[in-house]
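To start, the structure under review is shown below, and the notes come after it.
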Amino acid sequence: MITPGQKYAVRIMFGIPWIVFAIQHYMYADFVSTLVPAYMPWRLFWAYFTGTAMLAAGVSFIIGRQVQLAAFLLGCLMILYLLMVHPLLILPEPQVGQHWMRFFQDIAIMAACFALASSRRKVIVRYCYALPFIILGAQHFTHNASMTAKVPDWAPLQYFWDYVIGLTLIGAVYGMLFTSRKRWTAGTLGIILTVLALLRHVPLMIKDPHNPVEWTGAFLDIALAAGAFIIAETVDR
């Protein structure tokens, strides 16, 4: 049984990344506006607008007000991002593994938003969260630089751990979808993703605290880990 305290901790864990992303939208609005499709007017406005939406959602998750509404609207925002922004990155450079990594990360995070928004359609959102990890896990076997970077630089036998992490992610998909220990698997995945994020990103953020790319990657990984805990909450047993 998941306690109210645990649920609150997960909401905080999921809310903080969105506040960080919002701050980045404000700090780097000129860059963010370049990601807005060229056919849309007022591109700078949309950079600030999406940042404000992320900030509102993050605060909502943390203070526990209108959580379901905020999560639903954030999920809708993620759908728009998947349909309107990612194709502009992937289509010109389909060979770049990082573009695909971010695309499938955002699908999983979108699913976590909808899982937090409602207890209905929990099987659908669990599949939407889990299936991207097949691709994310497979990228460890191709040694996609962005995925291999999940292994800390100081770790020995990096390719070995690359394979181990890939197998773990793919195994988690099976566990979350087809076994009787779905909640346990999702919770374990959340712990693994959290540990990997901390081991990888904390030393780099301390070394270069002004690197926005590192902050983005770190909190994307934290949001993904929090999503696993949210999915665990939706499982009956």
Side-chain angles (χ1 to χ4, degrees), residues 1-18 61 64 67-72 74-76 78-79 82 100-142 144 147-148 150-151 160-200 219-237:
M1 183 68 180
I2 297 175
T3 67
Q6 290 172 326
K7 290 183 178 181
Y8 180 58
V10 170
R11 289 208 315 270
I12 291 177
M13 184 179 178
F14 195 56
I16 290 174
W18 296 106
F61 299 155
V67 171
Q68 291 183 319
L69 176 61
F72 175 78
L74 189 58
C76 292
M78 293 300 296
I79 290 177
L82 288 165
W100 290 100
M101 180 191 76
R102 291 289 174 84
F103 176 72
F104 286 104
Q105 279 182 326
D106 281 353
I107 291 177
I109 292 172
M110 174 205 69
C113 291
F114 286 121
L116 187 59
S118 175
S119 60
R120 299 173 61 188
R121 301 181 179 87
K122 53 189 175 182
V123 174
I124 295 175
V125 296
R126 189 167 72 246
Y127 270 79
C128 287
Y129 179 84
L131 290 177
F133 282 95
I134 296 177
I135 304 299
L136 296 175
Q139 285 190 317
H140 282 276
F141 291 90
T142 62
N144 168 25
M147 294 303 295
T148 301
K150 306 294 183 185
V151 183
F160 168 76
W161 291 112
D162 216 13
Y163 291 132
V164 170
I165 294 171
L167 285 172
T168 300
L169 296 182
I170 294 172
V173 176
Y174 178 80
M176 283 189 288
L177 299 182
F178 304 116
T179 71
S180 61
R181 307 193 71 181
K182 298 178 179 67
R183 175 174 292 175
W184 181 89
T185 303
T188 302
L189 177 63
I191 294 171
I192 291 171
L193 292 175
T194 302
V195 171
L196 288 175
L198 294 176
L199 289 176
R200 170 63 187 175
F219 283 96
L220 274 172
D221 287 346
I222 293 297
L224 203 61
F229 294 123
I230 292 170
I231 294 299
E233 294 179 10
T234 69
V235 179
D236 292 329
R237 60 186 181 93

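The analysis underlying the following values was restricted to heavy atoms, covering all of them including side chains, and did not include hydrogens, waters or symmetry mates. Since we're looking at a predicted model, the values are computed, not measured.
Residues F114 and I124 fail the side-chain proximity criterion, which asks for heavy atoms closer than 4.5 Å. Proximity of F103 to P132: side-chain heavy atoms (C-beta onward) are nowhere separated by under 4.5 Å. Side-chain contact between I16 and I222: absent, with no pair of heavy atoms (C-beta onward) separated by less than 4.5 Å. Contact check for F178 versus V173: no side-chain heavy atoms found under the 4.5 Å cut-off. Residues T194 and M13 have side chains in contact (heavy-atom distance under 4.5 Å, counting atoms from C-beta outward). Side-chain contact between F104 and I134: absent, with no pair of heavy atoms (C-beta onward) separated by less than 4.5 Å. Two residues are said to be in side-chain contact when any heavy atoms from C-beta on lie closer than 4.5 Å; T185 and L177 fail this criterion. When side chains are defined from C-beta on, L220 counts as touching R102, because their heavy atoms get closer than 4.5 Å.
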How far apart are the C-alpha atoms of L74 and F61, what are their side-chain angles, what is the distance that settles it, and do they pass the side chain to side chain contact (heavy atoms under 4.5 Å, CB included) test?
-> CA-CA 11 Å; L74 189 58; F61 299 155; 3.9 Å; yes
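Heavy atoms of other residues, nucleotides or ligands lying less than 6.0 angstrom from CZ of F72 number 12 at most.
A donor-acceptor contact shorter than 3.5 Å is absent between the side chain of Y174 and the backbone of T179.
Using a 30° and 60° split on the angle between ring planes, Y129 and F133 fall in the tilted class, from 30° to 60°.
Atom CE of M78 is separated from atom CD1 of I107 by 9.5 Å, given to the nearest 0.5 angstrom.
Counting all heavy atoms, side chain and backbone alike, A108 lies closest to L224 at CB-CD1, 3.6 Å.
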